[in-house]
Number of protein chains: 2
Amino acid sequence: MTSSLRKPPARASIAEYLAEAIFAGRYQPGDFVPRELDLCERFAINRSAVRSDLRQLVDVGIIERISGHGSKVREYAEWHILDPQVTEWMSRYAAPNPEIQREILAFRLDVEPYVAMTAARRATARDLVAIEEAFEGLGQNLRNASCAEERRLHSECDVAFHVAIFKATHNIVWAQLSHILRPSIHLLVTMSNEHASDPEESLERHRQVMESIRMRRPKEAFLAAQAVLAGTAEALGLEPGASSLGRGFELP
Amino acid sequence: MTSSLRKPPARASIAEYLAEAIFAGRYQPGDFVPRELDLCERFAINRSAVRSDLRQLVDVGIIERISGHGSKVREYAEWHILDPQVTEWMSRYAAPNPEIQREILAFRLDVEPYVAMTAARRATARDLVAIEEAFEGLGQNLRNASCAEERRLHSECDVAFHVAIFKATHNIVWAQLSHILRPSIHLLVTMSNEHASDPEESLERHRQVMESIRMRRPKEAFLAAQAVLAGTAEALGLEPGASSLGRGFELP
DNA sequence: ACAAAAGTATATGTTGAACAAATGGCGAAT
DNA sequence: ATTCGCCATTTGTTCAACATATACTTTTGT
């Protein structure tokens with residue numbers, strides 16, 4: 001191994017840089033990002049690499065390349081927010097517009113109780129192990145949410161908890177859809193650190209979901225998941241009623 | 001315009017060729033696709049283009065590139081089946097394994113009644129126009145489902161009908177998720193052509209969904225959507241009970 | 001004879017340059 | 001004033017050379 005750093009910035013990824021800039025709003029829909037040759041010079045990298053990275057942004061619908069003109073940022077509605085790479089950027093840099101976060105949360109309010117209910121029906125022992133491990137992590141990283149690193153850990157456990165429940169449905173579509181949770185969970189953990197909502201109460205709600213799934217009680221799992229999301233919506237300053245679907249939906 | 005063809009094979013897209021081959025099962029998970037130089041020769045194309053296309057397959061999780069070894073087809077569970085490009089390939093070439101189709105249909109059984117219910121609550125006049133236009137197309141292309149072109153048209157209208165309902169939720173996540181419908185709808189139209197199920201009955205069920213949404217009757221829309229999907233599941237030879245979630249879920 | 005080490009073959013990864021094609025704007029001619 | 005054609009800019013395509021990573025083979029030392 002070399003002396004100084006094992007992995008220098010690996011390579012200055014243009015995709016990463018542009019994603020940060022676009023998600024931060026420095027380039028907005030309709031704007032043009034710097035042209036290829038400028039990016040080459042700016043990052044001391046060859047054009048092939050630049051084009052390769054730009055293509056990644058094109059493939060997820062974030063930019064549009066116009067031959068002989070430039071690369072334009074597309075409207076938010078065009079972005080592939082179901083793409084794992086996009087949700088990762090959203091959770092890392094926050095969504096570029098609040099509306100997207102609201103709609104993702106509305107979606108969660110719609111489906112998560114449903115998913116928890118199914119998990120209660122179909123979860124295997126292995127699924128329960130995954131759910132429990134994530135929950136343990138949630139509890140451990142609860143108190144000392146002081147530094148950024150601790151918060152990141154807590155956030156990861158929170159994500160892992162919800163993803164484990166999605167996977168417990170044993171349906172590939174639900175499992176892959178779990179990526180959509182990341183952005184709003186990361187946002188929640190970040191905001192709850194500022195607004196200091198009650199973490200004990202949140203933990204207890206998560207425990208209820210886990211127990212309901214373990215005990216194979218679908219109805220209880222449905223309600224418990226609703227309770228968790230109500231807390232989430234509240235912490236994010238969104239009323240549960242804002243959901244496009246969930247309102248008024250009750251148990252069979 | 002030129003004399004012969006307005007769009008020659010555009011270009012022999014390696015991504016398209018490999019997608020067809022992989023979805024047809026000629027390359028299965030674990031297999032290695034031809035190496036770059038062979039593809040260059042086979043399609044009389046340069047290596048940059050080949051690599052660009054291979055990257056597209058990498059980005060959607062279909063293949064994995066191993067430096068100095070080759071490009072391996074990944075397990076089905078790794079594929080990004082929520083990606084629009086992947087669902088387009090699935091609807092064009094059919095899913096490479098039946099299990100994926102089953103799980104997508106199970107997902108539809110879970111969520112479509114829910115989505116129809118919301119559409120009934122939130123659909124605007126414009127949404128209703130889109131739904132109606134698709135429905136008209138369904139009716140027109142019903143009788144003459146003889147040649148392949150007619151069937152394709154019918155399939156497109158079927159897709160448009162369901163997608164319009166998803167968009168009527170006015171939630172970006174649901175709207176983008178509507179891509180997942182394409183594969184099973186195309187499969188249904190193909191199979192129903194062989195098994196000759198009753199198209200009149202299917203059309204009537206779709207009409208019920210549309211009318212329920214128009215009349216703003218969420219509960220009826222929920223039930224009507226369930227009825228459509230029951231017909232779909234039957235036509236595909238899958239019992240509705242195979243759903244991972246939907247079974248036993250009733251209206252509030 | 002066996003095992004570790006060095007070397008080789010084969011594939012993907014990276015870089016650089018040159019040329020082709022498309023778009024937008026400017027300007028001249030009608 | 002409008003249209004046609006030219007030109008500048010930027011992305012698209014192709015080619016060639018070299019670097020790096022992995023698997024297999026050969027060598028070499030005990």
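Lettering of chains follows the sequences in order, A, B, ..., and the numbering in each one begins at 1. Side-chain atoms are counted along with the backbone in the values below, which use heavy atoms only and exclude waters and symmetry mates.
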Dump every N/O contact between nucleotides 15-17 of chain D and the protein below 3.5 Å, one line per pair.
residue : atom : partner : partner atom : Å
D:dC15  : N4   : B:Ser48 : OG           : 3.2

(message) Once pairs are restricted to Watson-Crick or G-U wobble with both distances under 3.5 Å, how does DNA chain C read as a dot-bracket string, [ ] for crossings and | for other-strand pairs?
(response) ||||||||||||||||||||||||||||||

(request) Sorted by first residue and then second, give each salt bridge (charged side-chain N to carboxylate O under 4.0 Å, His left out) pair with at least one member in residues 161-173 of chain B; sequence neighbours left out. (result) none

(request) Please collect all salt bridge (charged side-chain N to carboxylate O under 4.0 Å, His left out) contacts where either partner lies in residues 123-139 of chain A, sequence neighbours excluded, each pair once. (result) A:Glu132-A:Arg214

Side chain to side chain donor-acceptor pair (under 3.5 Å) partners for [X], two or more places apart:
X        : answer
A:Asp31  : none
B:Glu75  : none
A:Gln56  : A:Gln85, B:Arg55
B:His162 : B:Glu112, B:Asp158, B:His206

(request) Answer yes or no: is there a donor N or O on one side and an acceptor on the other, between the side chain of A:Trp79 and the main chain of A:Val60, under 3.5 Å? (result) no

Just how far, in rounded Å, is [atom2] of [N] from [atom1] of [X]?
X       : N      : atom1 : atom2 : result
B:Phe43 : D:dT14 : CZ    : P     : 14 Å
A:Leu37 : D:dT9  : CG    : P     : 12 Å
B:Arg65 : D:dT20 : CZ    : C1'   : 14 Å
A:Arg51 : D:dT14 : CZ    : C1'   : 11 Å
A:Glu64 : C:dA22 : CD    : P     : 17 Å
A:Ile14 : C:dT14 : CD1   : P     : 13 Å
A:Lys72 : D:dT11 : NZ    : C1'   : 15 Å
B:Asp38 : C:dT12 : CG    : C1'   : 13 Å

Could you list the donor-acceptor pairs under 3.5 angstrom formed between side-chain atoms of residues 61-70 of chain A and any protein atom two or more places apart in sequence or on another chain?
residue : atom : partner : partner atom : Å
A:Arg65 : NE   : A:Ser71 : OG           : 3.2
A:Arg65 : NH1  : A:Glu36 : OE2          : 3.2
A:Arg65 : NH2  : A:Glu36 : OE2          : 2.5

(message) Could you work out, with salt bridge (Lys or Arg N to Asp or Glu O under 4.0 Å) as the rule, every residue matching B:Arg42, not counting sequence neighbours?
(response)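 For B:Arg42, no residue satisfies salt bridge (Lys or Arg N to Asp or Glu O under 4.0 Å) once neighbours in sequence are set aside.
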
Identify the pairs formed between an N or O of the protein and an N or O of nucleotides 5-8 of chain D at a distance under 3.5 Å, and give each distance.
none

Pick out the pairs of N or O atoms, protein on one side and nucleotides 7-11 of chain C on the other, that lie under 3.5 Å.
residue : atom : partner : partner atom : Å
C:dA11  : OP2  : B:Arg35 : NE           : 3.1
C:dA11  : O5'  : B:Arg35 : NE           : 3.3

(request) Specify the closest pair of heavy atoms between A:Asp38 and A:Pro34, including all atoms of both residues, with the distance to one decimal. (result) CB-CB, 4.2 Å

(message) Tell me the closest heavy-atom pair linking A:Leu57 and A:Ala15, and the distance in Å.
(response)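 Heavy atoms of A:Leu57 and A:Ala15 come nearest at CD2-O, 4.4 Å.
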
(message) Would you say A:Ser155 and A:His186 are linked by a side-chain donor-acceptor pair, where the criterion is simply a distance under 3.5 Å?
(response)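 A:Ser155 and A:His186 do have a side-chain donor-acceptor pair below 3.5 Å.
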
(request) Establish, yes or no, whether a centroid distance under 6.0 Å links the rings of B:Phe32 and B:Tyr27. (result)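 Between B:Phe32 and B:Tyr27, the centre distance exceeds or equals 6.0 Å.
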
